[in-house]
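These notes concern the structure reproduced below.
All ligand and atom numbering here is 1-based and tracks the order in the structure.
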Amino acid sequence: MKIALEMALLLTMSALVACSAPLERFEYARDAMGTSFRIVLYAPDGWTAHDAATAAFARIDELDARLSDWRDDSELAAGARAAAQAPSPPIAISDDLLRVLTRAQQVASASDGAFDVTVGPLVKLWRRSRRQGALPSTDALTASRAATGFRHLELDRARQTMRLLVPGMQLDLGGIAKGDALDVALALLRERGLDRALIVGGGDVVAGEPPPGCHGWTIGLAELRPDETMDEATDKTKAAALPPPGSAVHVAYAVELSNAALSTSGDSSRFVVIDGQRYSHIIDPRTGLGLTRRILASVIARDGATADALATAVNILGPERGLELVEQFPGASARVETLDAGRVQACTSTGWPPMMPAPADDP
Ligand code: AMP
Ligand code: MG
């Protein structure tokens, strides 16, 4: 299974003592999409809660099977096979893939191609570089860049088809699919009347209505740590996704979230070091290589897919252009930390919520 090395995002529950409604709190955790998922919800009884969480996890698994680039039987793998004779004929796609690609193309065009789900061939090269500890050859890079570009992906929403216009194209939804899966899972809980819910998947979170008696869900914000090693980042990720009681994971700030999504993207948990240079798992489509600038972006948006895609895009665009991008999306805001000349600098867009000191302990 894909190793779970997602961005750290510490989640803490608002104090239960403040809540007096008759609903009970339930919590469920599962591995999916190569990371840890966690559902926290308030329900009238255990059966209702368990049934809904089981259905939500089943839907997440279904999306994983459909949208993963790791599985030979996924829709993406079928698309890549069709792209062997590009321009491909129109390929029929599921409602799920159409929804994700529609949002992906919107963010691609708003970010001028910084966010680009056609980076599949370049992601493959990055993974090979990580295995081999060496950068790709110029020829390999040139070939993969030629097979990349969101304008080479044609969507026909009316006919529910896509076409891949250049040979060798391959889609990679790693920067958006998790946020979308959280949206779908939250919608499923809402359909069952369970509005007071929170779902976390790696560095992405979606929140419904707050816990009873509370103003919102308290979400700890991951921080850019200049000296973080791969092992520390991995440990932090595991701890953050499933914080044990009394967890010692240090998070300085938290925000309150309800009926919105928050995604954090950066290179803390997935990077490769080659010849002393650190390359993020986020690819700059302009160079074809992983980003080398240390940056961490947290984005709040109305839905998980948008927050997820924007957080990835802000990494590539950097703080100035990144915040401009975020401000184009209604209800979206962002906080960006960069490491420049050894110093962490932070900036926030208008609309970013007030930050409070993170609770000392996870209940
Ligand atoms: P995230 O952790 O949400 O920022 O997503 C990172 C993942 O998105 C990577 O592991 C790749 O699968 C994919 N990805 C890398 N670079 C890009 C890019 N420029 N645009 C869209 N997705 C990307
Ligand atoms: Mg993302």
Side-chain angles (χ1 to χ4, degrees), residues 2-9 33-35 64 67-70 74 76 100-101 103-130 144-145 148-151 153 169-183 200-206 222 233 237 240-241 261-272 279-293 295-301 303-318 321-322 325-326 329 332 334 336:
K2 186 177 169 187
I3 303 166
L5 290 175
E6 295 296 329
M7 176 55 49
L9 180 146
M33 294 187 155
T35 190
D64 191 13
L67 306 180
S68 159
D69 65 308
W70 293 83
S74 72
L76 295 200
V100 176
L101 289 180
R103 180 50 50 98
Q105 291 295 74
Q106 187 195 359
V107 178
S109 121
S111 66
D112 206 14
F115 184 82
D116 185 342
V117 291
T118 71
V119 289
L122 294 169
V123 171
K124 285 237 154 92
L125 281 189
W126 182 89
R127 287 181 191 149
R128 192 187 304 159
S129 295
R130 188 169 60 166
S144 293
R145 289 182 67 191
T148 300
F150 75 98
R151 292 197 175 84
L153 163 64
M169 282 181 76
Q170 195 158 356
L171 304 182
D172 181 318
L173 303 177
I176 187 170
K178 228 164 350 101
D180 175 75
L182 297 179
D183 288 335
V200 186
D204 303 284
V205 52
V206 294
T237 300
L262 189 154
S263 285
T264 302
S265 271
D267 73 346
S268 298
S269 56
R270 275 202 280 169
F271 58 87
V272 57
Y279 296 91
S280 163
H281 67 299
I282 298 173
I283 309 288
D284 185 340
R286 291 166 299 196
T287 62
L289 298 174
L291 297 176
T292 52
R293 183 182 191 183
I295 181 165
L296 181 82
S298 297
V299 174
I300 292 177
D303 63 84
T306 306
D308 192 358
L310 287 177
T312 305
V314 171
N315 270 258
I316 299 152
L317 292 177
R321 288 187 56 214
L325 169 72
V326 168
F329 286 75
V336 186

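Judged purely by distance below 3.5 Å, without hydrogens or angles, the side chains of Ser298 and Thr264 pair a donor atom with an acceptor atom.
With a 4.0 Å cut-off on non-hydrogen atoms, Asp284 does not touch ligand 1 at all. At a heavy-atom distance under 4.0 Å, only side-chain atoms of Val119, from C-beta outward, approach ligand 1.
Residue Ile282 places no N or O, backbone or side chain, under 3.5 Å from any N or O of ligand 1. Checking only distances, Asp308 does come within under 3.5 Å of ligand 1, N or O to N or O. Taking any N or O of Ala114, backbone or side chain, at least one lies under 3.5 Å from an N or O belonging to ligand 1. For ligand 1, one of its N or O atoms has an N or O atom of Gly175 under 3.5 Å away.
Near Ser265, with a cut-off below 4.0 Å to any heavy atom, the atoms of ligand 1 are 1 (P), 2 (O), 3 (O), 4 (O). Heavy-atom proximity to Thr312, at under 4.0 Å, picks out these atoms of ligand 1: 1 (P), 3 (O), 4 (O), 5 (O). Of all atoms in ligand 1, numbered sequentially from 1 with element shown, those under 4.0 Å from a heavy atom of Asp172 are 11 (C), 12 (O), 13 (C).
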Practice prompt. Applying side chain to side chain contact (heavy atoms under 4.5 Å, CB included), run through Gln170 and Leu76 and close with a yes or a no.
Written response: CA-CA 7 Å; Gln170 195 158 356; Leu76 295 200; over 6 Å; no

Practice prompt. Decide side chain to side chain contact (heavy atoms under 4.5 Å, CB included) for Val100 and Val117; before the verdict, give the C-alpha distance in whole Å, the side-chain angles of both, and the deciding distance to 0.1 Å.
Written response: CA-CA 10 Å; Val100 176; Val117 291; over 6 Å; no

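Counting only residues at least two apart or on different chains, the salt bridge (Lys or Arg N to Asp or Glu O under 4.0 Å) pairs with a member in residues 103-114 are Arg103-Asp303.
In this structure the side chain of Tyr279 never reaches within 4.5 angstrom of the side chain of Leu291, judged on heavy atoms. The closest side-chain heavy-atom distance from Ser111 to Ile316 is not below 4.5 Å. With contacts defined as side-chain heavy-atom distances shorter than 4.5 Å, the pair Phe115/Ile176 qualifies. When side chains are defined from C-beta on, Ile295 does not count as touching Ser280, because their heavy atoms never get closer than 4.5 Å. Taking the side chain as every heavy atom from C-beta outward, Leu101 and Leu171 approach each other to under 4.5 Å.
Using a 4.0 Å heavy-atom cutoff, Arg270 is listed among the residues neighbouring ligand 1.
Listing protein N, O or S atoms at distances below 2.8 Å from the Mg ion (ligand 2), with waters left out, gives Gly175 O, Asp308 O, Asp308 OD1, Thr312 OG1.
Applying the side-chain hydrogen bond (donor to acceptor under 3.5 Å, both in side chains) rule to Asp180 yields the partners Arg99; only residues at least two apart in sequence or on another chain are considered. Arg293 pairs by the side-chain hydrogen bond (donor to acceptor under 3.5 Å, both in side chains) definition with Asp340, not counting sequence neighbours.
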